[in-house]
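Following: one structure in C-alpha cells, then a few remarks.
First the proteins, then the strands, lettered A, B, ... as listed; each starts at 1.
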Amino acid sequence: MNGIANRMPKFIRRADPAVVTAFACIVLLLFLGSLYSRSFLSPEYLLQQLKVASFLGVIATGMMLVILLGQIDLSVPWSVAVGAMMACAAAAYGPVGVALAIPFGIFCGVAIGVVNGIGVAYLRIPSMIITLATNAVAQGLMVVYTGGFSPQDSATGAMRYLATGFAIPAVPNAVIIWALIGAAMVFVLTRTGFGRTVYGIGNRERAAYLSGIDTRRVVMIAFAVSGGLSAFGGVLLAGYASKAAQSMGDAYLLPSIAAVVLGGTSILGGRGSYLGTVAGVILITLLQSILSVMQMPEAGRQIIYGVVIVAMLLLYGRAPASR
Amino acid sequence: MKDWRYWLAEQRGTLLAFGIFIAMFVIYTTNHPAGFTANVVQTASNKGVLLAFVAMAQTLVVITAGIDLSVGMIFTLTNCLASWLVIGTGIETAFGVVAVLGTGLLCGAINGAIVIYGRLQPIVATIATGAVYFGIALLLRPFPGGSVNEDLADALTGRLFGVVPASLVVLLAVVLIVWVPFSRSVLGRAAYAAGSSETAAYMSGVPIRRGKFAAYALAGLLAAIGGLFLTFFTYTGDAAYASGNAYTLFSIAAVVLGGVSLFGGKGSAIGAIFGALAFRTIGDLLFVFDFDPLWQPLFQGVILLIAVSLGAFALFRVRNRLEWFL
C-alpha cells in the first residue's frame with residue numbers, strides 16, 4: 001500500500017482526500033451525463049455550466065471565509081436579494097444612480113455583514129442565530145420597500161455586461177469575475193497575515209487572541225466580506241436575469257454551504273482550501289444541471305440534493321470520534 | 001439558600017417569558033376592537049399553539065446544545081401528509097393521526113441518527129435533511145389542497161364548554177404526556193447534561209447518546225403535532241417553502257424569548273411555549289394598532305434581533321476576557 005502511494009506523483013499524495021473525492025465526483029457526473037446525452041462534453045455546455053457556477057462561486061467564496069472561522073452565515077438569501085434589489089433600485093435615479101448601482105448594491109450587503117460581524121465578534125451571539133435574525137430583518141426591509149410585489153426596476157447595462165458579456169472572446173465575463181475573486185481569496189488566505197489569522201481563529205480563537213491578534217476585528221471583517229460577496233453575487237444574478245426578484249437568494253443558501261463543505265473545508269473551521277471550494281461549486285452546479293436536464297421535478301431535486309449532501313458528508317465530513 | 005430560591009433561579013427564564021406574554025396579551029386584548037372575548041382568545045390561541053409546538057420541538061434539540069433547522073420542514077411535511085391521511089371514518093382518521101405522528105418521529109430520529117451516530121454538525125445536517133423533507137412534502141402536495149376530517153378539526157380548534165380553547169387543552173396535554181415525563185426521566189437529564197458539558201456527562205456515565213437521540217426524535221414528534229394542528233386549522237395541506245422556513249426561524253426566536261440557552265443545558269419547553277405565545281402576540285400587536293401588514297416581517301425580524309442581542313448582557317458579568325471565546 002505504502003509502495004503504491006510513494007509511486008504516485010507528489011501533488012496527488014499531498015492533496016486533501018476530500019478535494020480529490022470532489023474532483024472524482026465531478027468526473028463521474030460528467031461521465032454519467034455524457035451517457036445520457038452527447039452534448040455534455042461539448043465546450044459550449046461546459047462553458048455555460050462554468051458561467052452558471054460562477055454566481056454560486058462568488059457567493060460561496062464569502063461563505064468559505066466565514067466557515068473557516070468556525071462560524072456560518074445564514075443571511076445569504078436576503079443578502080443576495082438585497083444586493084440585487086438595491087442595485088436595481090439605484091439604477092432608477094438617473095445617470096449617477098446607474099453609475100453607482102453596483103457599488104451601492106455591494107455596500108448594502110457589506111452593511112448586513114457588518115451587523116452580523118458586530119453581533120458575532122463583539123456581542124458574542126452565536127453566528128447561526130444572529131445571521132438568521134439579520135436575514136429576517138433584511139427580508140422585512142425589502143418587503144416594506146417593494147410593497148410585497150416584485151420590484152419594477154431593471155438592471156443596468158453594466159450589470160448585464162458583467163453577468164452575460166464577453167470581454168475575452170468565448171469566455172463569459174462572469175467566469176472571469178469568479179476567477180479574479182477566487183485568485184484574490186487564495187492570495188489573502190495563503191499570503192497575508194489576515195488569512196493566517198482566519199485559519200488561526202478557526203482552530204482556536206482563544207489561542208489567536210492570546211497571540212496578540214485582535215480576533216474580533218478579523219471576525220467582523222470576514223462577515224462584512226461575506227455579506228459584500230453575497231450582495232455582489234446578487235448583483236450578477238440581477239444582471240443575468242436583468243431584474244431582481246423577491247426570493248432569488250433562497251436557492252443559494254444550501255448550495256453555498258454545501259459547496260464549501262463538500263470541498264473539504266471543515267465546518268468547525270480552521271481547515272480547508274479554496275481549490276476544494278471551486279470543486280464543490282462545480283460539483284453542485286453539475287448536479288443541478290444534470291437533474292434539470294433529466295427534467296427532474298423540483299421535489300425530486302430537493303430530495304436528491306439533501307441526500308447527496310448528507311451522504312458525501314458522511315463519507316468525509318465527520319467530526320472525529322472524541323473518545 | 002431556601003428551596004424556593006433555587007426553584008426561582010432555575011425558572012427565571014420561564015417566569016420572564018410568562019411575564020412578557022401576559023403583558024403583551026393584556027395590551028393586545030385591551031386594544032382589540034372586540035375586547036377580551038372567548039372568540040379573540042380562541043383565535044389567538046389557535047395561532048399561538050402552532051408556533052408553541054414547533055418551539056417545544058426546537059427546545060428539545062437546543063437543550064442538547066444542537067439546533068434543528070429542519071423543524072419547519074417537518075412541520076410542513078406532516079401538514080401535507082395529514083391532508084391526505086387524516087380523513088374518513090373514525091378508525092381511518094385515527095390511523096391517519098398515528099401515521100402522521102409516526103412520520104414526524106421518524107424524521108426526528110433520522111436527524112438524530114445523522115447528528116449523533118454520523119457525527120455531522122447539526123446545522124449542516126438538518127439544513128440538508130430539511131431539503132429532503134421539503135422535497136417529500138412537495139411530492140405529496142405539488143399544489144395546495146387536500147382535506148381533513150372536519151369534525152375532529154372543528155373539535156380540536158374550537159372551544160370546550162364555550163369558553164376554554166380546545167387547542168390550549170391539547171397543548172397542556174402534550175406538555176403533560178411528552179415534556180414532563182421526558183424532562184424528569186434519565187434520558188431527559190442526559191439531554192440536559194450533554195448540553196451542559198458533554199465531556200463531564202460522559203465521564204459521569206450518563207447515557208448521552210441515547211438522551212440526545214431521544215431529544216431529536218421527540219422534536220420530530222412535536223413538530224408533527226404542530227403540522228397536524230396546522231391541517232386542522234386550515235383544512236388543507238400546502239408545501240410552502242417560505243412558511244416552513246418562517247416557522248424554523250420563529251421557533252428559534254421563541255426559544256430565545258423563552259429563556260432557553262442556545263449554548264445548551266438550560267431552559268425548559270414551558271418557557272419556550274410562553275416565548276412562542278409572546279412572539280405571536282407581539283407580531284399581532286401591529287394589527288390592533290392598525291399598521292400596514294407589510295411592516296409585519298420587518299417588525300418580527302427586529303424583535304428577533306433584539307431578543308438574540310439581549311443574551312449579550314451576560315458579557316458584562318464576564319470578569320476574564322478569555323471567557324469571551326468559548
Taking every non-hydrogen atom, the tightest pair across [X] and [Y]:
X	Y	value
A/Leu254	B/Ala131	CD2-CB, 3.7 Å
B/Pro297	A/Val143	CG-CG1, 4.2 Å
B/Phe263	A/Arg124	CZ-O, 4.3 Å
A/Ile309	B/Ala128	CG2-CB, 4.1 Å

Exercise. Which residues from residues 291-301 of chain A are near chain B, with near meaning under 4.5 Å between non-hydrogen atoms?
Worked result: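 A/Glu298, A/Ala299 fall under the 4.5 Å cut-off.
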
Exercise. So which residues of residues 127-138 of chain A are in contact with chain B at a heavy-atom cut-off of under 4.5 Å?
Worked result: A/Met128, A/Ile129, A/Ile130, A/Leu132, A/Ala133, A/Thr134, A/Ala136, A/Val137

Distance in Å, [X] [atom1] paired with [Y] [atom2], rounded so as to fall on 0.5 Å steps:
X	Y	atom1	atom2	value
B/Tyr133	A/Ile303	OH	CD1	11.5 Å
B/Ile123	A/Ile267	CD1	CD1	6.0 Å
A/Met142	B/Leu298	CE	CG	9.5 Å
B/Leu69	A/Leu253	CG	CG	9.0 Å

Which atoms of [X] are under 4.5 Å from chain A, going by heavy atoms: the side chain, the backbone, both sets, or neither?
X	value
B/Leu262	side chain
B/Ile252	side chain
B/Tyr117	backbone

Problem set entry | Atom group of A/Leu74 that falls short of 4.5 Å from chain B, counting heavy atoms |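 The side chain, not the backbone.
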
Problem set entry | Residue part contacting chain B, namely of A/Ile257, when any heavy atom lies under 4.5 Å |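 For A/Ile257, the side chain is the part near chain B, not the backbone.
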
For this session: Heavy-atom pairs under 4.5 Å with chain B are the metric here; pick the option from A/Leu141, A/Val307, A/Val308 that has the most.
Result: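 Heavy-atom pairs under 4.5 Å are most numerous for A/Leu141.
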
For this session: Quick one: which of B/Val256, B/Leu140, B/Leu249 has the most heavy-atom pairs under 4.5 Å with chain A, could you say?
Result: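 Maximum pair count with chain A is reached by B/Leu249.
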
Exercise. Does a side-chain heavy-atom distance below 4.5 Å link A/Leu314 with B/Leu120?
Worked result: yes

Problem set entry | Which residues share a side-chain contact (heavy atoms from CB on, under 4.5 Å) with B/Ser197, sequence neighbours left out | B/Thr199, B/Ala200

For this session: Return the set of residues passing side-chain contact (heavy atoms from CB on, under 4.5 Å) with B/Ile303 (not counting sequence neighbours), or none when no residue passes.
Result: B/Phe279, B/Ile282, B/Phe299

